[in-house]
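Each remark here refers to the structure printed beneath this line.
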Amino acid sequence: MKLHFLAIISLIAFTDLYAQEYYFPDLNANWEQRAAKSFKINDASLQEAVAFAEANEYSGSRDLRIAILKGFEKEPFHKILGPIKKRGGPAGMILKNGYIVAQWGDTKRVDMTFSVTKSFLSTMAGLAEDEGLITDTKDAVGDYIWDGTFDGAHNSKITWEHLLQQNSAWSGELWGGKDWADRPPSKGGIDDWKLATPKEPGTVMEYNDVRVNVLAYSLTHVWRKPMPLVLKEKIMDKIGASSTWRWFGYDDAWTVIDGLKMKSVTGGGHSGAGIFISAEDMARFGLLFLNNGTWKNERLISDAWIKKATTPSKPNVNYGYMWWLNKKGDRHWEGLSENIYYAAGFGGNFIVIDKENDVVVVTRWLEPSKIGEFMTKVNAAF
């Protein structure tokens with residue numbers, strides 16, 4: 001009888017330990033660290049990965065105005081339209097079960113994140129669907145936005161899913177940006193690009209910030225609030241993020257809703273703007289997704305949305321709802337789990353979610369072509 005009782009107590013203790021497996025840092029708390037060996041992680045291999053990140057800094061200028069103008073010089077009419085900020089050096093964090101097992105650089109420094117912003121923007125759409133503001137991502141956006149943005153035989157076909165998967169082929173101009181001038185094809189010239197017939201929505205992925213900004217504009221009208229306010233109230237405050245992050249739009253990107261003038265933000269930063277944030281706040285966002293949308297005991301994002309957001313799109317198996325997916329395709333990291341997904345931005349900004357290892361990796365200003373090799377080194381430690 002006594003042995004039976006002890007067995008029950010042991011089972012309860014084990015279950016309780018498992019239930020509390022993830023650690024969630026409080027607001028302004030010193031993020032708790034654990035030795036790699038406490039998780040049976042090979043510390044030497046982990047430090048090798050950190051050294052690799054530090055030694056392979058993004059080759060572009062730390063003056064991001066120079067880096068941006070150089071990086072997108074092939075785009076006709078390209079110019080800086082919103083705020084920018086000089087960047088810091090390589091920085092990052094590796095979390096295991098929420099605990100820091102490795103970090104490098106200045107993890108509190110606020111820097112631009114470029115297209116990592118897209119994964120935050122996608123989440124704003126997820127919250128809108130969770131709350132019933134959008135019935136289904138397969139709905140036509142024109143059923144919600146009737147100001148002419150989605151008028152016409154072509155644009156009227158576009159759904160929320162098309163915008164989220166970057167295969168909408170939306171045609172038009174927004175905040176001074178022309179859809180055809182954003183990352184145009186390598187072949188041809190201005191006349192070829194601007195006179196080309198748009199692709200059928202849902203058939204071809206085209207990475208395009210103008211169309212992403214159309215999504216941000218549309219979500220602003222659906223929420224009837226600025227996106228930074230929604231992000232702050234629904235996510236960032238609840239995960240204990242600092243007060244230092246900002247989400248900017250272009251200088252002239254204003255709209256009026258309910259008589260109030262609101263800024264419409266961007267989903268990237270290749271003309272300036274986007275989310276400016278620290279590595280630590282990025283890591284909190286990643287930890288929320290690692291735990292399937294729950295922070296401590298509070299659900300912030302539905303599990304159903306995260307599954308949708310990380311489902312491959314038909315035109316590109318490596319892309320979901322503004323999250324990159326490590327499926328077997330052009331962007332597959334060979335030898336690593338196909339269930340890994342990540343946010344990625346210009347200059348080597350990444351938030352990587354590895355559910356199988358209970359790991360979040362944030363790395364900043366890593367030479368972008370080195371991310372696969374870096375993640376292979378990280379994985380070797382586990």
Side-chain angles (χ1 to χ4, degrees), residues 57-91 106 109-121 124 149 163 166 170-186 189-190 193-194 206-220 226-228 231 244-255 261-279 281-282 322 343-350 364-368:
E57 179 178 349
Y58 167 55
S59 58
S61 174
R62 288 197 181 189
D63 184 337
L64 286 175
R65 177 178 291 274
I66 295 173
I68 290 169
L69 292 175
K70 176 65 177 176
F72 299 96
E73 63 184 352
K74 293 183 180 179
E75 293 186 10
F77 320 124
H78 179 259
K79 60 182 179 180
I80 304 297
L81 300 172
I84 58 170
K85 182 179 185 289
K86 291 183 179 180
R87 68 173 177 87
D106 185 352
R109 179 188 168 91
V110 174
D111 271 333
M112 297 178 72
T113 54
F114 295 90
S115 287
V116 168
T117 305
K118 291 176 174 60
S119 300
F120 286 84
L121 180 62
M124 300 301 94
T149 305
L163 289 174
Q166 295 214 67
W170 181 86
S171 180
E173 181 176 338
L174 182 69
W175 317 131
K178 300 172 176 60
D179 74 278
W180 56 266
D182 190 299
R183 296 177 177 84
S186 56
I190 288 179
W193 302 330
K194 70 181 180 181
E206 295 177 306
Y207 210 77
N208 185 290
D209 272 22
V210 174
R211 293 164 184 159
V212 171
N213 295 341
V214 168
L215 172 62
Y217 170 81
S218 301
L219 287 170
T220 302
M227 288 299 93
L231 178 61
T244 63
W245 66 273
R246 298 291 184 272
W247 194 351
F248 295 108
Y250 298 149
D251 295 340
D252 63 349
W254 293 97
T255 187
K261 189 176 181 181
M262 298 181 190
K263 175 70 75 171
S264 183
V265 294
T266 66
H270 92 282
S271 291
I275 288 181
F276 292 46
I277 193 170
S278 70
D281 285 343
M282 290 168 70
M322 297 187 171
F346 176 82
N349 288 279
F350 297 91
R364 314 208 67 181
W365 315 118
L366 171 71
E367 187 64 42

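Position 1 is the first residue of the sequence, and the numbers go up from there.
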Exercise: identify the closest heavy-atom pair between A67 and Y58: CB-OH, 4.0 Å

Any side-chain heavy atom of I275 within less than 4.5 Å of one from V116? no

Indicate yes or no: at least one non-hydrogen side-chain atom of R364 is less than 4.5 angstrom from one of R109. no

Geometric class of the H270/F72 ring pair [parallel <30°, tilted 30-60°, perpendicular >60°]: tilted

Which atom of T266 lies closest to which atom of T117, heavy atoms considered: O-CG2, 3.5 Å

By salt bridge (Lys or Arg N to Asp or Glu O under 4.0 Å) - contacts of E367 (at least two apart): none

Less than 6.0 angstrom from the centroid, inside 45 degrees of the normal: does K178 satisfy that with respect to the ring of F77? yes

W175 side chain reached by D252 side chain, heavy atoms, under 4.5 Å: yes

Would you sort out whether F120 and T113 count as a side chain to side chain contact (heavy atoms under 4.5 Å, CB included), showing the intermediate values? CA-CA 11 Å; F120 286 84; T113 54; 5.7 Å; no

Taking the side chain as every heavy atom from C-beta outward, state whether H78 and E73 have any atom pair closer than 4.5 Å. no

Considering all heavy atoms of both residues, which atom of S264 and which atom of A216 are nearest to each other, and what is their separation? OG-C, 4.1 Å

Are E57 and P90 close enough that some pair of their side-chain heavy atoms sits under 4.5 Å apart? yes

Between the CH2 atom in W247 and the CE atom in M227, the distance rounded to the nearest 0.5 Å is 7.0 Å

Quick one: are Y250 and L174 in side-chain contact, heavy atoms under 4.5 Å? no

Shortest non-hydrogen contact between V212 and K118, atoms and distance: CG2-CE, 3.7 Å

Compare every heavy atom of F248 with every heavy atom of A273, then report the nearest pair and how far apart it is. CB-O, 3.4 Å

Atom OG in S115, atom CG in D209: separation rounded to 0.5 Å? 5.0 Å

Could you grab the distance from atom CZ of R211 to atom OG of S171, nearest 0.5 Å is fine? 7.5 Å

Return the CG to CG distance between L163 and N208, rounded to the nearest 0.5 Å. 10.5 Å

Is there side-chain contact between D111 and W365, with at least one heavy-atom pair below 4.5 Å? yes

Do W170 and V210 make a side-chain contact, defined as non-hydrogen atoms from C-beta onward lying under 4.5 Å apart? yes

Taking atom NZ of K86 and atom CZ of R65, what is their separation to the nearest 0.5 Å? 10.5 Å

Gap between atom CG of L219 and atom CG of L215 - 0.5 Å precision: 4.5 Å

E75 side chain to R183 main-chain N or O, any donor-acceptor pair under 3.5 Å? yes

Nearest heavy-atom approach of P184 to A181 is CD-O, 3.5 Å

Using side chain to side chain contact (heavy atoms under 4.5 Å, CB included), reason through I84 and M112 one step at a time and then give a plain yes or no. CA-CA 7 Å; I84 58 170; M112 297 178 72; 4.0 Å; yes

